[in-house]
Amino acid sequence: MSYLPYLLAVWIFLVGLFGIVRSRNFIHLVVCLSVTQSSTYVLLLSIGYVKGGTAPIFKDVKPGTKAVDPVVQALTLTDIVVSVTVAALLLSLAILGKHHAGTMDPEELHPMQG
Amino acid sequence: MNVIYVFSIVLAGAAALAVVLTTDLLRIAMLASFYTLTLVIFFLLLQAPDVALSELVVGTIAYPVVLVVAILIDRAE
Amino acid sequence: MDVLIPLPVAIPLLAAAFLTAFGHFMGPRLDDVIGLAAAAATATISLLLLFDASGHDLVYWFGGWRPRDGVAIGIAFTIDAFGAGVASLVGVLVTAALAFSWRYFDEVGTLFHVLMLVFLGAMIGFALSGDLFNMFVWFELMSVAAYALTGYRVEEASPLEGAINFAVTNSVGSFCILFGTGLLYARTGALNLAQIGHTLAGHQADGLVVAAFALLIGGLLVKAAVVPFHFWLADAHAVAPTPVCVLFSGIMVELGIYGVARIYWTVFAGVPETHGPGFRAVLLGFGTAGALVGGTMCFLQRHLKRLLAYSTISHAGIFLIGIALLSAKGLAGSAAYVLSHGLLKGALFLCVGILLNKLSSVDELVLQRRGRELPLTGAVFALCAIAIAGPPPFGTFLGKSLIDEGATALDYHWIPLVVTVASILTSGAMLRAAGRIFLGLGASSEPYLSEEPDEQHEVEREPGRSQYLMLVPVVALAVAGIGISLVPGLEHHTEAAASRFRDTHAYVDGVLNGHQPHHAVLNFDLLTLTAPSVLWGIASALGAVLLAVAALNRERLRPGVVKASLHWLNRGLDPIRALHSGAIGDYVTWLVVGMTVLGGLFAVVVR
Amino acid sequence: MTRRIRLTVFGVAAAGFAALLIWGTLGIPDFGHYRGRYGQILNHAAVKERQTTNTVTAIVFDYRGLDTMGEEFILFASVTGVALLLREQRKDVPRPRDEVRNEAVRAIGICLVPAVLTLGLWVVAHGAITPGGGFQGGVILSATFLLVWLAGSLRTYVRLTPTPYVDLTEGTGVGGFVVTGLIALLIGMPFLHNLLPYGLAGKLSSGGSLPILNWATGLAVTAAFLLLYSEFLEERSFVIAGKHK
C-alpha cells in the first residue's frame with residue numbers, strides 16, 4: 001500500500017498523454033495537458049510526506065515537532081497557479097487557430113506536410 | 001496507509017480518467033473542476049494546506065472561467 | 001565581480017516589467033530603444049562574466065543562503081566558461097534580432113519587446129543556473145515566451161498549428177523534466193546539482209537513477225530537437241516571425257544540448273555505470289540519427305525557413321555526437337561548433353527575413369531569379385552557407401575538427417564521415433536555394449521538393465524601405481561567425497574549459513565547500529591544422545558546392561541516371577516524409593516512443 | 001499515420017514508458033518514510049531566522065526566492081502572450097448588453113464582493129503566518145472583479161479594469177519583486193537578500209522584506225488574472241459581434 005501514491009502519479013501522467021494523443025478538440029487537448037501536469041504535483045507531494053508529521057506551519061505548534069517536507073510544497077504551490085496562465089496561452093493559440101482555419105480539431109488541420 | 005488515503009487516491013485516478021475520456025466540452029469543464037477537488041482532498045491528506053488552498057482556488061475560480069469562456073468562444077463561431 | 005552575476009538575468013526582466021507598466025504612456029519608438037539598450041547591456045555584462053569565468057568558476061548564492069553543514073539551502077548560479085559563453089551568445093543574438101526588427105516590422109507593439117526581453121532573461125538564467133528546479137523554472141519561462149512569440153503577427157493563413165504543436169510538445173518535455181527532478185529529490189533530498197551529484201556518486205545505478213536520467217535527458221532532447229523529438233521545430237519555424245526564428249535556431253535549441261551536458265557531468269557522472277562504451281553508444285545513436293534525418297529532410301524543403309530549421313535539427317545531432325563522446329575534445333568541439341553555428345544560422349535567418357520583407361515570399365521556386373535585386377544579401381547568404389559547412393580555417397571548422405579528432409582518438413572512425421555527410425546535405429541545400437534565388441539557375445519545378453507552402457508575407461511590404469539598415473546586423477553576425485575560428489588561443493581555451501567542465505569533483509568542491517582553484521590558460525597561439533581535419537573540412541565544403549551544382553542543373557545530367565535516382569529517391573524518402581505529418585497526436589506519440597527507447601537502452605547498458 | 005496506427009503505436013510505447021516510470025518510482029523510499037535533511041533543516045531554521053511561522057511561504061519568498069521570481073515571470077509572460085495574440089485582432093469591440101436582470105443575483109453579488117475582497121486581502125496578508133500568500137490571495141482578489149461581471153454586467157467589469165492601469169499594476173508588481181532584489185545588490189548584499197528587521201513570529205510584519213515580496217506577488221497575480229479574464233471576455237464579445245455583422 002505504501003507505493004500507491006506514486007502509482008497514482010504514473011497513472012495520471014499516462015492517462016493525460018493518452019488524452020492528448022486521442023484528442024479531437026484543442027480545448028480538450030489543453031485540459032489533458034493540465035491533467036498530465038498535475039501528475040507531477042502528486043508525485044512531488046507524495047515524496048515529501050512524513051508519516052505522523054504535521055503541516056509545516058508552526059503557528060500554534062512548537063517549531064521542533066515532526067513535520068512534512070516544506071520544500072516540495074513550495075515548488076508545487078507556485079507551479080499550480082502558473083500552470084493556469086500557460087493553459088490560457090495555449091487556449092488563446094487554439095482560438096486564433098479557430099479564426100484562421102475554422103476548426104479546432106487537430107486531425108483536420110496539419111501544417112506543412114513533409 | 002489507512003482507508004481514507006486509498007479512497008482519495010482511487011477517486012483522483014478515476015476523475016483523471018473521466019476528464020480524459022469525455023468529449024463534450026462543457027462536461028469536460030465541470031469534470032476538470034471535480035478532478036481538482038479530488039486533488040485538493042488528497043493534498044490535504046498529505047498535510048499540504050498551502051498547496052491544497054492553491055489548487056482549490058485555481059480549480060474553482062481561475063481555470064473554469066477561462067475554460068468556459070474559451071468554450072463559449074468556440075461555440076459562438 | 002560578484003555583483004555582476006545576477007544582472008544578466010535581472011536587467012532584461014526588469015526592463016520587460018518596466019515596458020509593460022509604462023508601455024501605454026510612452027512614445028512610439030521608446031520601447032524599441034529601451035529593449036535594444038537592455039539587450040546590449042546584458043550582452044556586455046555576459047561577456048565580462050565570460051572573461052572573468054575563463055580563469056576560475058564563479059559560484060553565487062542568492063539571498064546569501066550559503067550551504068549549511070554540507071546541505072545547500074539556497075539557489076546557486078555556477079558560472080564557468082561554457083555557461084558564460086552561452087549567455088553571451090544569447091545576448092548577442094537577441095541584440096541582433098531586436099536591431100533587425102527595428103526596421104523589419106512596421107509598428108512593433110511594446111508586447112513584442114517585453115516577450116523578447118523575458119526570453120533573453122530566461123535563456124541566460126537557464127545557462128547560468130546551478131540548481132535543478134531553478135533550471136526547470138527558466139526552461140519553462142523560456143518556453144512560454146517562445147510559444148507567445150511564435151503566434152505573433154499571424155494575420156495570414158500560415159498554419160497556426162505549428163505554434164500549438166510546439167507548445168504541447170515542449171510542455172510534455174518539461175513535465176518529464178519535472179518528473180525526473182522529483183525522482184532525484186526523493187533519492188537525494190537535494191535540488192542543487194552539485195549536491196545531487198555528490199549524493200549519487202559511487203552508488204550503483206538502480207531503476208530510479210536510470211528513469212530519472214532518461215526523463216531529464218529526454219525532456220532536454222525535446223528542446224534540443226533531436227530525432228525522434230524534433231518534429232515540432234520545422235512547424236514552429238514556418239509560423240514564427242524571422243527575428244524569433246533567429247533565436248530558436250541560433251541558441252534555444254543549443255540550450256537543450258547545453259542542458260544535457262550540464263546535467264550529465266554534474267549529476268550523473270559520479271555513477272560508475274555511466275562511463276561505459278554502451279552509454280556512449282546510446283547518445284551517439286540518437287545524435288547520428290538526428291544528423292542524417294535532419295540533413296535528408298533539409299534537402300527536400302523549398303520553404304526557406306523549414307529548410308534552415310531542418311539544418312538546425314541536423315546540427316543539433318552533430319552537437320549531441322560531440323557531447324556523446326564524453327571526452328574533453330568532443331565537448332570542446334561541440335562548444336566551438338555551437339558558437340559559430342549560432343552566429344552563422346542567425347545571419348542566414350536574417351537574410352531570409354530580408355528576402356521575405358522585399359519579395360514577400362520564402363518559397364525557393366517562387367523566388368527564382370527574383371533575388372537578383374538583392375546582391376548583397378545573396379552574397380552574405382552564400383558565404384554563411386559555405387562557412388557553416390566548416391571549410392578550413394573559417395566558420396565552424398574549429399568545432400568540426402575538434403569533434404573529428406575526438407572521435408578518431410576513441411577510434412570511432414565513422415563519425416567524421418557522418419558529420420561531413422550531414423554538413424554536405426545541409427549546406428548543399430542552402431547553396432542550391434541561393435543559386436536558384438540569386439542566380440536564377442535550375443529548373444522551375446522540382447518533383448522531389450515538398451509541396452507548395454501557402455504563405456502570405458508577415459510584414460507589410462514596402463519596396464521603398466532601404467535594405468541596408470537591415471543588413472547591418474546580418475553582416476555583423478556573418479563576420480563574427482566566419483572569423484570565430486581565427487581567434488588566437490580559442491582552441492586551447494575551449495579545451496581547457498571543457499576539461500574543467502567535466503571535472504565533477506572540482507565542481508562539487510567549488511559549490512559546496514567554496515574552494516575556487518584559479519588556473520589561467522596562457523596559450524594564445526593560432527589554430528593547429530591537422531591533416532585529417534583539413535581534409536574532412538575541404539571535403540564537406542566542396543561536397544556541398546558540388547551537390548548544389550548537381551541539384552541545380554538536374555536536366556543536363558544523363559536522363560537515365562536521373563530518372564532512376566529520382567525514382568529510388570522518392571520511394572526511399574516517402575516514408576520519412578510521411579512521418580513529418582504535422583499532427584500533434586503523432587508528435588506526442590513519437591515523443592513517448594523516444595522516451596521509452598532512451599530509457600530501455602539505458603536500462604540495458606546499466607544491467 | 002492514421003488514427004488507428006497511431007493509437008496502437010502509442011499503446012505499445014506507453015506500456016514501455018509505464019514500465020520505465022514504475023521501475024523508477026519503485027526506487028523511492030516508502031510513502032511516509034522520507035528522510036531528506038533539506039526540508040527538516042528549513043523547518044527548524046525558518047521560524048528562528050525569519051520569524052515566519054509558515055515555513056512554505058518562507059521558502060517561496062526567501063530561501064528559494066529566485067524560483068518564485070522565475071515563476072512570476074512565467075505568469076507575466078503567458079498573460080502578456082495572451083494579450084499579444086488576442087489584443088492585436090480587436091480594434092473597437094462592441095460589447096453585448098448583458099446586465100443581470102435577476103434582482104436576487106445582483107443582491108448576492110453586491111454582498112459577496114466586499115466579503116471576497118476582505119478574504120483575498122486576509123489570505124495575502126497572513127501569508128507568512130498561516131497557509132496562504134501572494135499567489136493564492138491574488139487569485140481570490142481577482143475573483144472579486146469576476147463577481148462584478150457575473151452579478152453585474154461586462155460593461156461595469158470593463159470600466160473597473162481599464163487595461164493601461166491593470167498593465168501598470170502587473171508591471172509594478174512583477175518589477176517590484178526584481179527591484180527588491182536589486183536594492184539588496186546595491187547595498188553590497190547578495191541578490192534577494194532579506195534586509196528589513198524580521199519582527200516577531202506570528203505578527204503581520206514578521207519576515208523582514210518577505211511581506212513586500214508577498215504583496216508584490218499578490219498585486220502581480222491579481223492583475224495578471226484580471227488581464228486574462230478581460231482578454232477572453234473581450235474576445236468573446238468580439239466573436240459575438242463579428243457574427244452579427
Side-chain angles (χ1 to χ4, degrees), chain A residues 1-2 4-5 7-8 11-12 15-20 22-28 30-32 34-36 38-39 41-42 44-46 48-51 53-57 67-70 72-81 83-85 87-88 91-92 94-95 98-99 102 104, chain B residues 1-3 5-6 8-29 31-33 35-36 38-40 42-59 61-77:
Chain A
M1 268 312 118
S2 66
L4 212 55
L7 195 65
L8 174 68
W11 163 261
I12 295 177
V15 159
L17 286 181
F18 176 65
I20 292 173
R22 209 180 129 270
S23 173
R24 294 304 298 262
N25 184 308
F26 273 120
I27 295 180
H28 173 261
V30 169
V31 171
C32 295
S34 305
V35 165
T36 318
S38 63
S39 74
Y41 311 145
V42 167
L44 280 170
L45 288 168
S46 311
Y49 179 68
V50 173
K51 188 179 285 298
T54 68
I57 315 284
V68 283
D69 184 71
V72 277
Q73 294 186 15
L75 306 184
T76 40
L77 156 66
T78 52
D79 222 13
I80 289 172
V81 175
S83 69
V84 175
T85 48
L91 283 175
S92 55
I95 290 166
K98 173 98 182 189
H99 285 336
M104 273 236 186
Chain B
M1 261 300 267
N2 54 36
V3 181
Y5 284 86
V6 175
S8 91
I9 287 172
V10 168
L11 192 65
L17 188 65
V19 168
V20 162
L21 291 181
T22 49
T23 49
D24 169 62
L25 288 180
L26 275 181
R27 199 168 291 134
I28 288 171
L31 273 173
S33 294
Y35 168 66
T36 315
T38 56
L39 282 186
V40 166
F42 185 53
F43 290 161
L44 280 176
L45 289 174
L46 292 178
Q47 298 289 340
D50 276 88
V51 183
L53 177 61
S54 172
E55 181 79 33
L56 177 70
V57 155
V58 156
I61 301 173
Y63 200 65
V65 166
V66 167
L67 207 55
V68 165
V69 176
I71 292 167
L72 292 180
I73 293 171
D74 179 32
R75 283 246 167 92
E77 288 210 55

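- Between B:T38 and B:A12, the shortest heavy-atom contact is OG1-CA, 3.8 Å.
- Here the closest heavy-atom approach between residue B:V68 and residue B:A29 is recorded as CG2-CB, 4.2 Å.
- The parts of B:I71 that come within reach of chain A are both its backbone and its side chain, each placing non-hydrogen atoms under 4.5 angstrom from that chain.
- Chain B forms more heavy-atom pairs under 4.5 Å with one residue of A:V84, A:T76, A:T78, A:D69 than with any other, namely A:V84.
- Nearest heavy-atom pair, B:Y5 versus B:L45, reported as atom, atom and distance to 0.1 Å: OH-O, 2.9 Å.
- Residue A:W11 comes nearest to B:G13 through the heavy atom pair NE1-O, 3.2 Å, listed as atom of the first residue, atom of the second, then distance.
- Using a 4.5 Å cut-off on side-chain heavy atoms (C-beta onward), B:Y35 and A:V31 make no contact.
- Only the side chain of B:F42 comes within less than 4.5 Å of a heavy atom in chain A; its backbone stays farther off.
- Nearest approach of A:P56 to A:A67, heavy atoms of both residues: CA-CB, 4.2 Å.
- When heavy atoms are compared at a cutoff of 4.5 Å, A:I57 approaches chain B solely by way of its side chain, counted from C-beta outward.
- Considering only heavy atoms from C-beta on, B:L26 comes within 4.5 Å of B:R75 through its side chain.
- For B:T22, the part sitting under 4.5 Å from any heavy atom of chain A is the backbone (N, CA, C, O) and nothing else.
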Requested in this report: Could you check B:D24 against A:R24 for salt bridge (Lys or Arg N to Asp or Glu O under 4.0 Å), going step by step and ending with a plain yes or no?
Outcome: CA-CA 11 Å; B:D24 169 62; A:R24 294 304 298 262; over 6 Å; no
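- Interface check for chain A: of the options B:V10, B:V51, B:V19, the most heavy-atom pairs under 4.5 Å are formed by B:V51.
- Looking at A:V81, the atoms closer than 4.5 Å to chain B (heavy atoms on both sides) sit in the backbone and in the side chain alike.
- Put simply, of B:L25, B:L21, B:I73, B:V66, the one with the most heavy-atom pairs under 4.5 Å next to chain A is B:L25.
- Note: A:A55 leads A:G48, A:A55, A:S39 in heavy-atom pairs under 4.5 Å with chain B.
- Most heavy-atom pairs under 4.5 Å with chain B: of the set A:I20, A:V30, A:V35, A:V72, this distinction falls to A:V35.
- For chain A, the nearby part of B:L39 is the side chain; its heavy atoms alone come within less than 4.5 Å.
- A:V15 and B:A16 make their closest contact through CG1-O, 3.8 Å (heavy atoms, listed as atom of the first residue, atom of the second, distance).
- Proximity to chain A involves both the backbone and the side chain of B:L17, based on heavy atoms less than 4.5 angstrom apart.
- At a threshold of 4.5 Å between non-hydrogen side-chain atoms, the residues A:I27 and B:L67 count as touching.
- Both the backbone and the side chain of A:S46 come within less than 4.5 Å of a heavy atom in chain B.
- Using a 4.5 Å cut-off between heavy atoms, A:A87 contacts chain B through its side chain alone, with no backbone atom that close.
- There is no contact between B:L31 and chain A, counting heavy-atom distances below 4.5 Å.
- At a 4.5 Å heavy-atom cutoff, the contact between A:L45 and chain B is made by backbone and side-chain atoms alike.
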